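The structure under discussion appears below in the form of structure tokens.
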Amino acid sequence: MNKIHQIYSILYKSFGKQGWWPTTLEDELHPKHHGKAPKNDKERFEIIIGAILTQNTNWKNVEKAIFNLNKNQLLEINKIKKINKKRLASLIKPSGYFNQKAERLKLIADFYSKNKNPTREELLNVKGIGPETADSILLYALGKPSFVVDAYSKRIFSRLGLCDGKCSYDRLQELFHKSLPKKTKLFNEYHALLVELGKNHCKTKPICKECPLKKLCSYS
DNA sequence: TACCAGGTCCTCG
DNA sequence: CGAGGACATGGT
């Protein structure tokens, strides 16, 4: 078992199954983790919307925005395409960058309505979708094994001494891809577990005391 | 009060 | 390429 896999094993044992991506269940208005893969285009679309809204933003704020959309029954491809951009911006206001994001939501709605099974390249050509958002969509909405690298994974793996502090997105993703079996389920849980570690222990200002990776890490 | 949060685009060297 | 600024709200 290599180090990358060993870290996963420790995190899973510490935190348990995460059940990402959070989505809104039938007859509710708030998204939550329930461990079920999306089963239709509407549910996949909600994940895509969430992936855009959470760019550099706390998920709690995104929840408020998604709640507003649900309350108005607007979390549907054609409704996002048609809604007035100003009104959309005001509804997603809590998620921050609301003008940019309103624009991006409309662009991705147009794109997704025409292409329900996009490649990574195609996603990256949509304005507002960078590598992390593209991989989140591929992994969590479309069920394809593309590892999601984010601020947390960079921070954690650089503190562990497994990557350079300023290594590129693609470099770090490659490390995961070559060290792990290409399994959607595994990539799903691994990324979610890294977020959990990043939120609770490996923060900007780290709290190493009860970190499950303490023994593997020389940072503190 | 200042900093941070599940990034991306644009511009400039 | 890569660094640096803009985009913005809500929680601590």
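Numbered from 1 within each chain, the chains take letters A, B, ... in sequence-line order. Please read all numbers here as calculations on a predicted model, not as lab measurements.
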- Query: For the pair made of CG in A/Asp150 and P in B/dC4, what is the distance, rounded to whole Å?
  - Reply: 16 Å
- Near DNA chain C, which residues from residues 48-66 of chain A have a heavy atom under 4.0 Å away? A/Asn56, A/Asn61, A/Lys64
- Message: Whole angstroms only, please: what is the CG-P distance between A/Leu194 and B/dA5?
- Response: 15 Å
- Item | Stacked cation flag A/Lys114 on A/Tyr112, 6.0 angstrom / 45 deg | no
- Message: Output the rounded distance in Å from CD1 (A/Ile108) to P (B/dT8).
- Response: 12 Å
- Message: Rounded to whole Å, please give me the gap between CD in A/Glu103 and C1' in C/dA8.
- Response: 17 Å
- Item | For atom OH of A/Tyr97 and atom P of B/dG7, their distance in whole Å | 9 Å
- Note on the structure: Rounded to whole Å, the CZ-P distance (A/Arg171 to C/dC1) equals 14 Å
- For the pair made of NZ in A/Lys101 and P in C/dA8, what is the distance, rounded to whole Å? 9 Å
- Among C/dT9, B/dT8, B/dA5, the nucleotide that comes nearest once only the side chain of A/Lys93 is considered: C/dT9
- Flag for A/Ser113-A/Lys81: side-chain donor and acceptor within less than 3.5 Å: yes
- Just one of A/Glu43, A/Glu46, A/Glu63 clears the side chain to side chain contact (heavy atoms under 4.5 Å, CB included) bar with A/Thr24, so which one? A/Glu46
- Item | Chi angles and distances behind the salt bridge (Lys or Arg N to Asp or Glu O under 4.0 Å) call for A/Lys32, A/Glu28 | CA-CA 10 Å; A/Lys32 59 172 155 204; A/Glu28 298 207 4; 3.3 Å; yes
- Atom pair distance, as rounded to whole Å: NZ in A/Lys166 and P in C/dG4: 11 Å
- Task: Give, ordered by number, those residues of residues 182-193 of chain A having at least one heavy-atom distance below 4.0 Å to an atom of DNA chain B; if nothing qualifies, reply none.
- Result: none
- Per side chain to side chain contact (heavy atoms under 4.5 Å, CB included), A/Asn70 is matched among A/Asn68, A/Leu74, A/Ile66 by A/Ile66
- Partner residues of A/Asn200 under the side chain to side chain donor-acceptor pair (under 3.5 Å) criterion, sequence neighbours left out: A/Glu196
- Excluding sequence neighbours, so at least two apart, what forms salt bridge (Lys or Arg N to Asp or Glu O under 4.0 Å) with A/Glu122? none
- Message: Within the 4.0 Å heavy-atom criterion, would you say A/Thr204 contacts the bases, only the backbone, or no part of the nucleic acid?
- Response: sugar-phosphate
- Message: Going by salt bridge (charged side-chain N to carboxylate O under 4.0 Å, His left out), name the pairs with one or both residues in residues 84-95 of chain A, residues two or more places apart or in two chains.
- Response: A/Lys85-A/Glu103
- For B/dC4, does OP1 or OP2 lie under 4.0 Å from any side-chain N or O of A/Arg155? no
Protein-nucleic acid N or O pairs under 3.5 Å, nucleotides 9-13 of chain B:
| unit_1 | atom_1 | unit_2 | atom_2 | d |
| --- | --- | --- | --- | --- |
| B/dC9 | OP1 | A/Gly128 | N | 2.8 |

